[in-house]
Protein chains: 2
Amino acid sequence: MGAERLRNRLRVARAERRISQEELAGLAGVTRQTISSIENEQYVPSALLAFVLASRLDKPVAELFYLEGDVS
Amino acid sequence: MGAERLRNRLRVARAERRISQEELAGLAGVTRQTISSIENEQYVPSALLAFVLASRLDKPVAELFYLEGDVS
DNA sequence: GCTATATGTCAAGTATACCAGACATTCAGT
DNA sequence: ACTGAATGTCTGGTATACTTGACATATAGC
């Protein structure tokens, strides 16, 4: 899986909602560290988690996550 | 991560495009088995792969993948 | 200065995505 | 009947998502 990276606007979306990492983690059913790691792009989430996060933040998933360096 | 499942319309989208699992795998940079496993929902892909697949199939990711049993 | 909230991060463990190679089945074409 | 394309699936391996528990720092309120 080539050159493109998956970026996200999780931190901004969370700030708009004014909820903490811990609250979002609770809403999504994961740990706080998982949210932190995704925001800092230490790893990319599973597609399931990406969709759940979008759902909890009430945003389309494509607005929260996007490809960078796409070749398509 | 609770009750919801991640479903996908990969097989249909691929049929529309008339490409084989192997071709799609090549486009996405993964193996044929990976495509097969995702179509048969043996596991959910990473968010990166989900977005790459959508890009290669020229569909919005939310059209290819969707949550089922959402509580949101 | 103390305490609580929010965040970063580390280490060790478990679960699962994904790979590589192989074998089997089905179906279309000849 | 044979062949090749497409798909399913198994096994064993590696990479990485995610957990749990802990410790550190920064900031805000009292």
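Throughout, protein chains are lettered first and strands after them, A, B, ... in sequence-line order, and every chain is numbered starting at 1. Just so you know, these numbers come straight off a predicted model, no measurement behind them. Computed over heavy atoms, backbone and side chain alike; hydrogens, waters and symmetry mates excluded.
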Taking side-chain contact (heavy atoms from CB on, under 4.5 Å) as the definition, give me every residue that meets it alongside B:Leu57, ordered by chain and number, with sequence neighbours left out.
B:Leu10, B:Ala13, B:Arg17, B:Ile19, B:Leu24, B:Leu64

Quick one: list whatever passes side-chain hydrogen bond (donor to acceptor under 3.5 Å, both in side chains) with B:Glu22, sequence neighbours left out.
none

Give me the bend of the helix from C:dG1-D:dC30 to C:dT30-D:dA1, using the axes of the five pairs at each end, rounded to 10°.
40°

Measure the distance from CD on B:Glu41 to P on D:dG8 and round it to the nearest whole Å.
12 Å

According to side-chain hydrogen bond (donor to acceptor under 3.5 Å, both in side chains), who are the partners of B:Arg5, at least two apart in sequence or on a separate chain?
B:Glu41

Looking at A:Leu27, is its backbone amide N or carbonyl O close enough to the side chain of A:Arg56 to form a donor-acceptor pair, meaning the two atoms are under 3.5 Å apart?
yes

Whole-Å distance separating the CG atom of B:Asn40 from the P atom of D:dG8:
5 Å

Closest non-hydrogen contact found for B:Ser55 with A:Leu67 is CB-CD1, 4.1 Å

Expected output: side-chain B:Asn8 to main-chain B:Ile38 donor-acceptor under 3.5 Å
yes

Under 3.5 Å between N/O atoms: give me all the protein pairs with nucleotides 13-17 of chain D, atom names plus distance.
{"residue": "D:dA17", "atom": "O5'", "partner": "A:Val44", "partner atom": "O", "Å": "3.1"}

Residues from residues 13-26 of chain A sitting under 4.0 Å of DNA chain C, heavy atoms only?
A:Arg14, A:Ser20, A:Gln21

Under the salt bridge (Lys or Arg N to Asp or Glu O under 4.0 Å) test, which residues partner B:Glu16, sequence neighbours left out?
B:Lys59

Could you check how far CG of A:Leu48 sits from P of C:dA17, rounded to whole Å?
9 Å

Ranking D:dC18, C:dG8, D:dG8 by distance to the side chain of B:Arg11, first place goes to D:dG8

Taking atom P of D:dG8 as reference, at what distance in whole Å does atom CD1 of B:Ile38 sit?
12 Å

Carboxylate-amine/guanidinium proximity below 4.0 Å for A:Arg14 and A:Glu39:
yes

Tell me: CG of B:Leu53 to P of C:dC18, nearest whole Å?
9 Å

In whole angstrom, give the distance that lies between atom CD of B:Gln33 and atom C1' of C:dG21.
8 Å

Only counting residues at least two apart or in another chain, list the ones meeting side-chain contact (heavy atoms from CB on, under 4.5 Å) with A:Val44.
A:Leu6, B:Ser46, B:Leu48

Can you tell me which residue pairs pass the salt bridge (charged side-chain N to carboxylate O under 4.0 Å, His left out) test with a partner in residues 46-55 of chain B, sequence neighbours excluded?
none

When you compare the protein's N or O atoms with those of nucleotides 23-30 of chain D, which come within less than 3.5 Å of each other, and at what distance?
none

Ignoring hydrogens, what is the shortest heavy-atom contact between A:Leu53 and A:Phe65? Give both atom names and the distance.
CD1-CZ, 4.4 Å

Using the salt bridge (Lys or Arg N to Asp or Glu O under 4.0 Å) criterion, which residues pair with A:Arg9? Sequence neighbours excluded.
none

